[in-house]
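So you know, we letter chains A, B, ... as the sequences are listed, proteins then strands, and number each from 1. The shown structure was predicted, so the numbers you read here are calculated from the model rather than taken from an experiment.
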4 protein chains.
Amino acid sequence: MTVKRKGPKYEKIIDAAVTVIAKHGYHQSQISKIAREAGVADGTIYLYFKNKEDLLISLFREKMGRFIDTTIDEIEHQKSVEDKLLTLIEMHFKQLSVDHELAIVTQLELRQTNRELRAKIGEVLKRYLELVDSIILEGIDQKVFQPNLDIRIVRQMIFGTIDETTTSWVMNDHRFDLIALAKPVHDLLINGFRYRPS
Amino acid sequence: MTVKRKGPKYEKIIDAAVTVIAKHGYHQSQISKIAREAGVADGTIYLYFKNKEDLLISLFREKMGRFIDTTIDEIEHQKSVEDKLLTLIEMHFKQLSVDHELAIVTQLELRQTNRELRAKIGEVLKRYLELVDSIILEGIDQKVFQPNLDIRIVRQMIFGTIDETTTSWVMNDHRFDLIALAKPVHDLLINGFRYRPS
Amino acid sequence: MTVKRKGPKYEKIIDAAVTVIAKHGYHQSQISKIAREAGVADGTIYLYFKNKEDLLISLFREKMGRFIDTTIDEIEHQKSVEDKLLTLIEMHFKQLSVDHELAIVTQLELRQTNRELRAKIGEVLKRYLELVDSIILEGIDQKVFQPNLDIRIVRQMIFGTIDETTTSWVMNDHRFDLIALAKPVHDLLINGFRYRPS
Amino acid sequence: MTVKRKGPKYEKIIDAAVTVIAKHGYHQSQISKIAREAGVADGTIYLYFKNKEDLLISLFREKMGRFIDTTIDEIEHQKSVEDKLLTLIEMHFKQLSVDHELAIVTQLELRQTNRELRAKIGEVLKRYLELVDSIILEGIDQKVFQPNLDIRIVRQMIFGTIDETTTSWVMNDHRFDLIALAKPVHDLLINGFRYRPS
DNA sequence: CATGAATGAGAGTTCATTCAT
DNA sequence: GATGAATGAACTCTCATTCAT
């Protein structure tokens, strides 16, 4: 049967899943535990999600969708390419800084899923990577970045650095100020890409 | 009950584990499947490893240990900091390029393990990160890199970029030439870190 | 809480149940599927039936009740014992021939129920078996059948043969002409029972 | 993985399944209950059977296979067609009379399974029906039975009668002497089929 | 009368680990 | 040392039934 994809319980279940996974880890997050956290019966989850995998993908889609939307919004207000990249990094760090649970889930726990699920998660990330690409292209276009940059490599450098930094922050129990790293990270990246005609 | 950590079967079992995990994925790699691939009985595995987790950690330790040793060896032959960093990147890409199975296991499959196991894997990586750190420090020391670099950030930038690039290569079924990316990746990184006194 | 046993929806639900069970099989005939087929809400079914078992029994009672009434009616018009038995067989075959869905449900699907339910179904069949018995007794009485017949055995022979023939017809997807078998079946039965004083 | 289809536990599990199903009914015969009855762990059942359905089919195949083999053996010792048919009926009644549990399982419980499983059970029965057919053909051939008999109908008459009689005996809690019915049932059947050239 | 969202008990199956041989 | 048969805990999902609206 088809499932309802909205309603207050839909949100409540997703939030409960984030909480439970952050607290107990992916492999210890049984449906019954999530249901209890959400204050619903086990069966109720199946009124809103096809199965457990569907819940996890929905979780990622909802949370990352909002994450990406907000980031895009903010970037559009920036004029220069440098500010756009800075905003990208800042927004990434900010949004995960204010939601430690979500950070744990996206950086650590959801990566423990099987290949199939990770592929679907990858699709959600596509929009994010396209956003990164658009900034890179604009930078090249405006001669702020070197003309012969390999987009793919630059994208992996930006994303790899941000991701590794965030993961490191999460694994250190959020002990340092992640947001404060946005500026120096940005500097190093820009520095690497910058066009310096001699 | 302590276990034997050497002997021909020890190696055989680890290699079998790599093969099975690369082929079937982490969650489809049961002890019995690994035993069959290794040509031993299920119980025999427990003569050499405390349990399944111990086998996986040993696998990572053995394989990454050799990986790091070889990398350190090669770097010692390099004079300049630039060449050392280049060698680090090249060795990383080369060693995974010649062993697709290992690449799949370290980049994709072993990340599906639980927090506890990943923490132990992290310890193995410490030596690698210390190697990276030593290069960075040398670069700063020799005024090749900016004096005020945040070591931690630079380390995450280097490792994050290399890791993300490799993962991307694995997820694209090793379709592009990973080794060829060493030079451009190196250029961008060095470019970012370089000291440019005005 | 007592239920209503009449009204247009009562019939509609029973017919929906026959259709759904014939199409999807007993174990794939959930209340919600029957409700959808009947064009009512799940809960509505519980206004007309105590529970699912009650619905199935009611289904059998309604359908078989009419089946038996019609058969009795027709038999009353027959004079000879031979014709009465022939009519019994013909009516059985005819009524199931014109309603393939009902045939599937009574011959195959409703037999997958538990002992308790089948016992109740057995009670509905009692009237049918009494009808058979009355024909046998009349046959003996009129010296058409052997005087020392074991009623029980003869009843089981008649019912077993008719039932097995019908089931075989259903399992062969109604591919042969069931009604055409009435005459030869009747001949063999009568032949077996006939009184032949030497 | 493939399963072992022999060994003492194989037999023990099948016998336990018969006992449990006879006692608690098909739908109340969980794997754990069967395992307990067999004195093995739940998982052990899966060393010998692919899944629950496989266990049920194996049960039927083993028990009915032996049933049919014994019946064929016994029939081969009979000279006349009449005696062969009598032996068929007697053996059927005898073998179920001495094993009340098996009778309950084959007559009542195993019929509650889904269509798919019943189809596989049907295949096992094929040999039995072929045996019946061979007797019928021999009877016609030797001019003991009428020359124009419809084999299919006769087969259904024989099987339907035997089956209905047995089921009736089981549903009456084995209260009457089933074996004693073999003779009169046989008489009625033979009587029905006999060739009487005028 | 009718609805349909919510409930929650219940069971087949997998697989890491043990231990008698 | 090596074997592999046996163990048994653990979890997702279905669906008959209820009851507030």
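Distances from the side chain of B/A41 to the nucleotides E/dT3, F/dG4, E/dT7 place F/dG4 closest. Closest to the B/L47 side chain, of the nucleotides F/dT7, E/dC1, F/dA2, is F/dA2. Closest to the D/I31 side chain, of the nucleotides E/dA5, E/dT3, E/dT13, is E/dT13. Which of E/dT3, F/dC15, F/dT17 sits closest to the side chain of C/Q28 comes down to F/dC15.
Mapping C/Y48 and D/K52 onto DNA chain E via the closest heavy atom, the residue that lands nearer the 5' end is C/Y48. Heavy-atom nearest nucleotides on DNA chain F were determined for A/Q30 and for B/D42, and the one closer to the 5' end corresponds to B/D42. Nearer to the 5' terminus of DNA chain F, by closest-nucleotide assignment, is the contact made by D/K9 (compared with the other of D/K9 and A/H27).
The separation between C/Y10 atom OH and E/dC1 atom P is 15 Å, rounded to whole Å. As rounded to whole Å, 19 Å separates atom P of E/dA5 from atom OH of A/Y46. Summarising the geometry, the separation between NZ on C/K12 and P on E/dC1 is reported as 14 Å, rounded to the nearest angstrom. Separating the CG atom of D/L55 from the P atom of E/dA11 is a distance of 16 Å, rounded to the nearest angstrom. For the pair C/K33 NZ and F/dC15 C1', the computed distance is 12 Å after rounding to whole Å. Spacing between atom NZ of B/K50 and atom P of E/dT18 amounts to 10 Å, rounded to whole angstrom units. Atoms CZ (A/R36) and C1' (E/dT7) sit 15 Å apart, rounded to a whole Å. Rounded to an integer number of Å, the gap from D/F49 CZ to E/dT14 C1' is 18 Å.
In this structure, B/R111 contributes its side chain and B/T106 its backbone to a donor-acceptor pair below 3.5 Å. A distance-only check finds no donor-acceptor pair linking the side chain of C/T44 to the backbone of C/V40 [under 3.5 Å]. Looking at B/E109, its side chain does come within 3.5 Å of a backbone N or O of B/Y26 through a donor-acceptor pair. Checked by atom type and distance alone, the side chain of B/K50 never pairs as donor or acceptor with a backbone atom of B/T2 at under 3.5 Å.
Within the nucleic acid shown, B/K4 comes within 4.0 Å of sugar-phosphate atoms alone, with no base atom in reach, counting heavy atoms only. Across all strands, A/I45 comes closer than 4.0 Å to no nucleic acid atom at all (heavy-atom distances).
No side-chain heavy atom of A/Y48 sits under 4.5 Å from any side-chain heavy atom of A/R5.
For E/dA5, the OP1/OP2 oxygens have no side-chain nitrogen or oxygen of A/K6 closer than 4.0 Å. For B/T44, a side-chain nitrogen or oxygen approaches OP1 or OP2 of F/dT3 to under 4.0 Å.
Both distances falling under 3.5 Å, in either a Watson-Crick or a G-U wobble arrangement, place F/dT21 opposite E/dA2. Nucleotide F/dG8 has E/dC15 as its partner under the Watson-Crick or G-U criteria, with both atom distances under 3.5 Å.
Nearest heavy atom pair, residue C/A38 against residue C/K12, reads O-CD, 3.3 Å.
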